Number of protein chains: 2
Amino acid sequence: MVAGSKRARGGSGRVKLEEVARKANVSTATVSRAFNEPDKVSEEVRQRVKDAARALNWIPNAAGRALASRRTHIAGAIIPTLDDEIFAHQIGGMQTVFSERGFTLFLGCSNYDPDEGLRQAEAMLARGVEALAVVGENHPPELFDALNSRGIPYVVTYSYSKLSPHPCIGFDNRAAFSRMTEHLLALGHRRFAAIFQPDTNNDRVKERLRGIGEALTAAGLEIAAQDLMMGPSTLEFGASSLARLMTQAIDARPTAIVCGNDNLALGALMAARELGLDAPGDFSITGFDDLAISSRLSPRLTTMKVDNQQIGVLAANELLAVIAGRQERAQSREVVPDLKIRESAGAARSR
Amino acid sequence: MVAGSKRARGGSGRVKLEEVARKANVSTATVSRAFNEPDKVSEEVRQRVKDAARALNWIPNAAGRALASRRTHIAGAIIPTLDDEIFAHQIGGMQTVFSERGFTLFLGCSNYDPDEGLRQAEAMLARGVEALAVVGENHPPELFDALNSRGIPYVVTYSYSKLSPHPCIGFDNRAAFSRMTEHLLALGHRRFAAIFQPDTNNDRVKERLRGIGEALTAAGLEIAAQDLMMGPSTLEFGASSLARLMTQAIDARPTAIVCGNDNLALGALMAARELGLDAPGDFSITGFDDLAISSRLSPRLTTMKVDNQQIGVLAANELLAVIAGRQERAQSREVVPDLKIRESAGAARSR
DNA sequence: CTGAAAGCGCTTACAG
DNA sequence: CTGAAAGCGCTTACAG
């Protein structure tokens, strides 16, 4: 023992590669190779090393490995919130794919605060994420700068635009809402209202509103100021908004209500029932998301469905392809929402 | 330059602490202290170091730091799925607390496969998580062994039992369903049915069924084999189960239906409406979770509410307390579900 | 195929 | 308060 000649330095107490090497009677290099480049080690030695590792119950220390190899096998995802199942499903899809490929996933929720998102991204970067997925483009430029300057592959999810400077995995929010609006126009509606979640720090919501606006403009229409309701994405706000809209004189009130999501639309439908109104008889209404319940309540809700888990899967696959060097940069992938035409939106009443 | 005398070894290309030290004209030790133990560095030097770090845009390399300090500032959570908002909310709460305290969160979903959960736990352990939260107790013993042998603090969430060998943050699933059953017994019901999600690999569901069973046994009752429906946790399964139950002769069929969650109960209520039946007129029914919609549909659903985000917050706080050395071991915390008595369960009809 | 040893980027016990 | 240097646990360029 030369103890005493060296500085005391705790150590983690965990079994380390060196002990496996000693037990297997090989060098540390060989142990490392037996696991990371098994082809370079003879069958017999490889077996001996693996047996020794198992016997000692060795789990490699990822920090040591990361420091030496400059690989962490960690990816990160930053979403606004897990309270919305839309993002939860995305993360679920991503997590599964990453896990299958030996990657562990860091999760950050910004609670719709771009600065918080940036802080979390930086924490992930410090911890050496090899790739990052963020929801939407609404982030401080520092976030993308940090990613680009380090050459960390990333994707923007949930939104998609051909014009985006970023690789996008998602759908065109604007086009989706234009399409929904056109569906209502085709049904003969001329007076429109919208019930929406807040668009603060939310490029997706802004795009949705823009989509409605463009379709209406093309038809020479627009939404009157008093017919645009914006508030929390709750059943209550949907309900109170519908009630407000319906206080207007019957021949002046909107016949078509485009909601920012199913939740708001369902709330509105509940309020309507209490007011003795119904869709599509008294007004038409649409949602977005196609929640499980939306097709089962009466009236069945006209809405659009996006495969969010698939977005997560595609995002993870793109990032893994870049990490593996199979491609230079993540490619954008468009996911097309499915328009579900159901009972809640019908032909406009003639007046 | 002595280049050439040393082995070539890439390097990450990132700015490192050494460069900050050089620019600030101090040793690497001082740079490290300026950030980690600022009190030990003079005001002036500290400022110089921070300026240099900012100028160089230095982000410390977490692997180097982890290796030297044996701290990673990483925590992990393993849940069955993110498709259930119950777990999503837990993770959301946890994430926020950990993030505030400088911890980054690893997320793993087992998809209800205990082996997959174990694999993910091992991956997290290798990456040096300082604490781990897992949902429920239904995990291979190796998982808890690995945690205990390394002294990694952990908590079991969503379930709670005084008898558990593990620190639990959650509620007593058995007691909750006993309570709900007693509520129905007090309303005069004697013939019970249950519509439940699968109990495979799911100790929480098993406990729920046990809770119902115990309350019924105490009243000299039990659920007949044909009145226990178990299947996927979907609106559809709730609906088809209700239909099946209601095919029985009117004076022989159950008057009280305990559902494993709101989703199943809502499905059942929808089917009832289509069959021209209603609650509480023709039967009473209860759920669990108190989804937003459950109190707004007609009939309003009698159910129980659990603050899942709070479970996540409590879990993170317990783990952080152990990490900080403020306590030896995570303490169990019971969260009491709130019984929401509403219209869907009423007095049993006299026959 | 295998080993000796340098190096990854930090922290920290020790000395001053 | 500050610095020189050892050490954390791996990987890998080099040599054989």
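These figures come from a predicted structure and were not determined experimentally. Chain identifiers are assigned alphabetically (A, B, ...) following the order of the sequence lines, protein sequences preceding nucleic acid strands; residue numbering begins at 1 within each chain.
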I'd like to know if A:Glu19 and A:Lys23 make a salt bridge, using a cut-off of under 4.0 Å between side-chain N and carboxylate O.
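So A:Glu19 does not pair with A:Lys23 through a salt bridge.
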Member of A:Val134, A:Asn308, A:Ile79 meeting the side chain to side chain contact (heavy atoms under 4.5 Å, CB included) criterion with A:Tyr158:
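In the set A:Val134, A:Asn308, A:Ile79, the residue that makes a side chain to side chain contact (heavy atoms under 4.5 Å, CB included) with A:Tyr158 is A:Asn308.
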In whole angstrom, what separates A:Arg22's CZ from D:dG9's P?
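Answer to the nearest Å: 12 Å.
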Compare side-chain N and O positions of B:Thr30 against OP1 and OP2 of D:dG3 and report whether any pair is under 4.0 Å apart.
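For D:dG3, OP1/OP2 do have a side-chain N/O of B:Thr30 under 4.0 Å.
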For the pair made of CG in A:Leu56 and C1' in D:dC10, what is the distance, rounded to whole Å?
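One finds 16 Å between C1' of D:dC10 and CG of A:Leu56, rounded.
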So which one's nearest nucleotide on DNA chain D is more toward 5', B:Ser27 or B:Ala66?
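So the residue in question is B:Ser27.
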In which ranges does DNA chain C form stems of 3 or more consecutive Watson-Crick or G-U pairs, distances under 3.5 Å?
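Stem list for DNA chain C: C:1-3 with D:14-16, C:5-12 with D:5-12, C:14-16 with D:1-3.
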Quiz item: B:Arg33 side-chain donor-acceptor pair to D:dG3 base, under 3.5 Å:
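It does, because a donor-acceptor pair links the side chain of B:Arg33 to the base of D:dG3 below 3.5 Å.
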Quick one: side chain to side chain donor-acceptor pair (under 3.5 Å) partners of B:Ser99, sequence neighbours excluded?
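Here the qualifying residues are A:Glu116, A:Gln120.
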Could you check how far CG of B:Leu17 sits from C1' of D:dA5, rounded to whole Å?
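After rounding, the reported distance stands at 14 Å.
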For a quick check under 3.5 Å, do A:Thr104 and B:Arg127 share a side-chain donor-acceptor pair by atom type?
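Note: A:Thr104 and B:Arg127 side chains meet the donor-acceptor criterion.
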Using a heavy-atom cut-off of 4.0 Å across all strands, would you classify B:Val26 as base, sugar-phosphate, or nothing?
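Since only primed, P, OP1 and OP2 atoms lie under 4.0 Å of B:Val26, the category is sugar-phosphate.
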Starting the side chain at C-beta, find the nucleotide from D:dC10, C:dA5, C:dC8 nearest to A:Thr28.
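From the listed options, C:dA5 comes nearest.
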In plain terms, say whether A:Arg46 and A:Glu43 are close enough for a salt bridge, that is, a side-chain N and a carboxylate O under 4.0 Å apart.
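Counted as a salt bridge, because a side-chain N and a carboxylate O are separated by less than 4.0 Å.
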In whole angstroms, how far is the P atom of D:dT2 from the CD atom of B:Gln47?
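Whole-Å distance recorded here is 13 Å.
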Would you call A:Val135 and A:Ile78 a side-chain contact if the rule is heavy atoms closer than 4.5 Å?
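No, side chains not in contact.
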Interatomic distance, A:Arg46 CZ vs C:dT2 P [rounded to whole Å]:
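Going from A:Arg46 (CZ) to C:dT2 (P), I get 10 Å.
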Going by atom types only, do B:Ser164 and B:Glu137 share a side-chain donor-acceptor pair under 3.5 Å?
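Present: a donor and an acceptor within the cut-off.
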DNA chain C contacts made by residues 34-45 of chain B, counting heavy atoms under 4.0 Å
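Within this stretch, B:Asn36 sit under 4.0 Å of the strand.
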When the ring planes of A:Tyr154 and A:Phe144 are compared, do they come out parallel, tilted or perpendicular, using 30° and 60° as the limits?
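Rings of A:Tyr154 and A:Phe144: tilted, 30 to 60°.
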How long is the line joining CH2 of B:Trp58 and C1' of C:dT11, in whole Å?
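Taking CH2 of B:Trp58 and C1' of C:dT11, I get 11 Å after rounding.
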For atom CZ of B:Arg70 and atom C1' of C:dA13, their distance in whole Å:
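So the CZ-C1' distance, B:Arg70 to C:dA13, works out to 11 Å.
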Rounded to whole angstrom units, what separation is found between the CZ atom of B:Arg48 and the C1' atom of D:dG3?
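Between C1' of D:dG3 and CZ of B:Arg48: 13 Å.
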Between B:Gln90 and B:Gln310, is any side-chain donor less than 3.5 angstrom from a side-chain acceptor?
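No, B:Gln310 and B:Gln90 have no side-chain donor paired with an acceptor closer than 3.5 Å.
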Please tell me which of the listed nucleotides, D:dT11, D:dG9, D:dA4, lies nearest to the side chain of B:Leu67?
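Looking only at side-chain atoms, B:Leu67 lies closest to D:dG9.
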